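Report on one structure; see the data block that follows.
Note that the structure is a prediction, hence the values are computed from the model and not measured.
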Amino acid sequence: QVQLVESGGGLVQAGGSLRLSCAASGRTFSSYAMGWFRQAPGAEREFVTAISRGGGITDYADSVKGRFTISRDNAKNTVYLQMDSLKPEDTAVYYCAATRTGITQRAPGGYNFWGQGTQVTVSS
(Lines give C-alpha, C1' and ligand atoms only; values in the text may rest on other atoms or scores of the structure.)
Protein backbone atom coordinates (compact mmCIF):
# COMPACT_ATOMS: atom_id res chain seq x y z
CA GLN A 1 0.00 0.00 0.00
CA VAL A 2 1.10 3.58 -0.60
CA GLN A 3 0.05 7.02 0.51
CA LEU A 4 0.68 9.89 -1.91
CA VAL A 5 1.21 13.59 -1.18
CA GLU A 6 1.53 16.19 -3.96
CA SER A 7 3.39 19.46 -3.62
CA GLY A 8 4.74 22.27 -5.78
CA GLY A 9 1.55 23.84 -7.08
CA GLY A 10 0.92 27.56 -7.07
CA LEU A 11 0.40 30.64 -9.20
CA VAL A 12 2.52 31.20 -12.29
CA GLN A 13 2.36 33.47 -15.34
CA ALA A 14 1.69 32.09 -18.80
CA GLY A 15 4.92 30.84 -20.33
CA GLY A 16 6.40 30.02 -16.95
CA SER A 17 7.33 26.72 -15.32
CA LEU A 18 6.44 24.67 -12.27
CA ARG A 19 7.75 21.39 -10.90
CA LEU A 20 5.30 19.19 -9.04
CA SER A 21 6.40 16.43 -6.69
CA CYS A 22 4.51 13.39 -5.44
CA ALA A 23 6.00 11.75 -2.37
CA ALA A 24 5.00 8.17 -1.62
CA SER A 25 5.19 6.21 1.59
CA GLY A 26 5.90 2.51 1.80
CA ARG A 27 8.55 0.06 0.71
CA THR A 28 6.89 -1.04 -2.53
CA PHE A 29 6.92 2.25 -4.47
CA SER A 30 9.14 0.79 -7.17
CA SER A 31 6.46 -1.82 -7.99
CA TYR A 32 3.89 0.81 -9.05
CA ALA A 33 3.48 2.68 -12.26
CA MET A 34 2.63 6.32 -11.57
CA GLY A 35 0.36 8.78 -13.30
CA TRP A 36 -0.60 12.44 -13.19
CA PHE A 37 -4.17 13.60 -13.78
CA ARG A 38 -5.80 17.02 -13.64
CA GLN A 39 -9.28 18.38 -13.14
CA ALA A 40 -10.40 21.88 -14.09
CA PRO A 41 -13.59 23.50 -12.73
CA GLY A 42 -16.64 22.01 -14.41
CA ALA A 43 -14.59 19.38 -16.25
CA GLU A 44 -13.94 15.69 -15.79
CA ARG A 45 -10.65 14.40 -14.49
CA GLU A 46 -8.28 13.91 -17.42
CA PHE A 47 -5.10 11.98 -18.01
CA VAL A 48 -1.91 14.01 -18.21
CA THR A 49 1.02 11.57 -18.18
CA ALA A 50 2.22 8.26 -16.75
CA ILE A 51 5.47 6.41 -16.17
CA SER A 52 6.18 2.70 -15.79
CA ARG A 53 7.54 1.22 -12.58
CA GLY A 54 11.12 1.28 -13.82
CA GLY A 55 10.80 4.62 -15.59
CA GLY A 56 11.59 3.21 -19.01
CA ILE A 57 8.18 3.87 -20.58
CA THR A 58 6.27 7.15 -20.52
CA ASP A 59 2.98 8.28 -21.99
CA TYR A 60 1.68 11.84 -22.49
CA ALA A 61 -1.63 13.39 -23.39
CA ASP A 62 -1.47 15.30 -26.67
CA SER A 63 -2.30 18.53 -24.86
CA VAL A 64 0.93 18.46 -22.84
CA LYS A 65 3.32 16.58 -25.13
CA GLY A 66 6.51 18.55 -25.64
CA ARG A 67 5.83 20.81 -22.64
CA PHE A 68 5.56 18.45 -19.66
CA THR A 69 8.03 15.79 -18.49
CA ILE A 70 7.37 13.01 -16.00
CA SER A 71 10.20 11.34 -14.09
CA ARG A 72 10.70 9.24 -10.99
CA ASP A 73 13.35 8.57 -8.39
CA ASN A 74 12.61 5.20 -6.83
CA ALA A 75 15.35 5.66 -4.24
CA LYS A 76 13.47 8.73 -2.96
CA ASN A 77 9.96 7.30 -3.43
CA THR A 78 9.08 10.35 -5.51
CA VAL A 79 7.59 11.07 -8.92
CA TYR A 80 7.92 14.49 -10.57
CA LEU A 81 6.06 16.51 -13.16
CA GLN A 82 8.10 19.24 -14.81
CA MET A 83 5.74 21.71 -16.50
CA ASP A 84 7.17 24.22 -18.97
CA SER A 85 5.56 26.76 -21.29
CA LEU A 86 2.46 26.80 -19.12
CA LYS A 87 -0.82 28.04 -20.56
CA PRO A 88 -3.96 29.32 -18.83
CA GLU A 89 -5.76 26.16 -19.96
CA ASP A 90 -3.36 24.14 -17.79
CA THR A 91 -5.08 25.60 -14.73
CA ALA A 92 -6.44 22.70 -12.68
CA VAL A 93 -6.01 20.61 -9.58
CA TYR A 94 -3.27 18.09 -10.31
CA TYR A 95 -3.39 14.60 -8.80
CA CYS A 96 -0.81 11.84 -8.70
CA ALA A 97 -1.90 8.22 -8.69
CA ALA A 98 -0.37 4.75 -8.38
CA THR A 99 -1.32 1.51 -10.11
CA ARG A 100 -0.28 -1.97 -9.03
CA THR A 101 -0.07 -3.08 -12.66
CA GLY A 102 3.34 -1.46 -12.98
CA ILE A 103 2.57 -0.29 -16.52
CA THR A 104 1.29 3.02 -17.85
CA GLN A 105 -2.49 3.44 -18.00
CA ARG A 106 -4.71 6.32 -19.11
CA ALA A 107 -7.96 5.41 -17.38
CA PRO A 108 -8.47 6.79 -13.87
CA GLY A 109 -10.14 3.53 -12.90
CA GLY A 110 -6.89 1.72 -13.48
CA TYR A 111 -5.23 3.40 -10.51
CA ASN A 112 -5.43 2.07 -6.98
CA PHE A 113 -4.21 5.03 -4.89
CA TRP A 114 -4.60 8.80 -5.23
CA GLY A 115 -3.12 11.88 -3.65
CA GLN A 116 -5.18 14.83 -2.41
CA GLY A 117 -4.17 17.13 -5.26
CA THR A 118 -2.32 20.40 -5.64
CA GLN A 119 -3.68 23.54 -7.31
CA VAL A 120 -1.94 24.95 -10.37
CA THR A 121 -3.13 28.34 -11.60
CA VAL A 122 -1.70 29.94 -14.74
CA SER A 123 -2.48 33.61 -15.29
CA SER A 124 -2.72 35.24 -18.71
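Legend: salt bridge (Lys or Arg N to Asp or Glu O under 4.0 Å) pairs involving residues 60-69, not counting sequence neighbours, sorted by first then second residue: Asp62-Lys65, Arg67-Asp90. Among pairs with a residue in residues 96-117, those fulfilling salt bridge (Lys or Arg N to Asp or Glu O under 4.0 Å) read Asp59-Arg106, at least two apart in sequence or across chains.
Here the straight-line distance linking atom CZ of Arg45 with atom CH2 of Trp114 works out to 5.0 Å at 0.5 Å rounding. With rounding to the nearest 0.5 angstrom, the CZ atom of Phe68 is 9.0 Å from the OG atom of Ser85. In this structure, the separation between CD1 on Ile103 and CD1 on Ile51 is 14.0 Å, given to the nearest 0.5 Å.
Closest approach of Ala33 to Gly102, counting heavy atoms only: CB-C, 3.3 Å.
Under the 3.5 Å distance criterion, the side-chain polar atoms of Tyr111 are matched with a main-chain donor or acceptor of Gln105. Between the side chain of Glu6 and the main chain of Gln116, a donor-acceptor pair closer than 3.5 Å is present. Listed for the Tyr60 side chain is a donor-acceptor partner under 3.5 Å among the backbone atoms of Ile70. The backbone N or O of Arg53 sits less than 3.5 Å from a side-chain atom of Asn74, completing a donor-acceptor pair.
Using a 4.5 Å heavy-atom threshold, the side chains of Val93 and Phe37 count as separate. Contact of the Gln119 side chain with the Thr91 side chain is registered, since non-hydrogen atoms from C-beta on lie closer than 4.5 Å. In this structure the side chain of Val120 reaches within 4.5 angstrom of the side chain of Tyr94, judged on heavy atoms.
When hydrophobic clusters are built by joining Ile, Leu, Val, Met, Phe, Trp and Tyr residues whose side-chain heavy atoms come closer than 4.5 Å, directly or via intermediates, Trp36 is grouped together with Leu86.
Note that Arg72 lies in the cation-pi zone of Phe29, set by a 6.0 Å cut-off to the ring centre and a 45° limit from the axis.
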For this session: Begin with the C-alpha distance, continue with both residues' side-chain angles, and end with the deciding distance and a verdict on side chain to side chain contact (heavy atoms under 4.5 Å, CB included) for Arg38 and Val64.
Result: CA-CA 11 Å; Arg38 66 188 183 186; Val64 306; 3.9 Å; yes
Expected list for residues 8-25: side-chain donor-acceptor pairs under 3.5 angstrom, two or more places apart:
residue	atom	partner	partner atom	Å
Ser17	OG	Asp84	OD1	2.8
Ser25	OG	Gln3	N	3.1
Ser25	OG	Gln3	OE1	2.5

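For the side-chain contact (heavy atoms from CB on, under 4.5 Å) with Met34, the lone residue among Val2, Thr104, Leu81, Leu4 that qualifies is Leu4.
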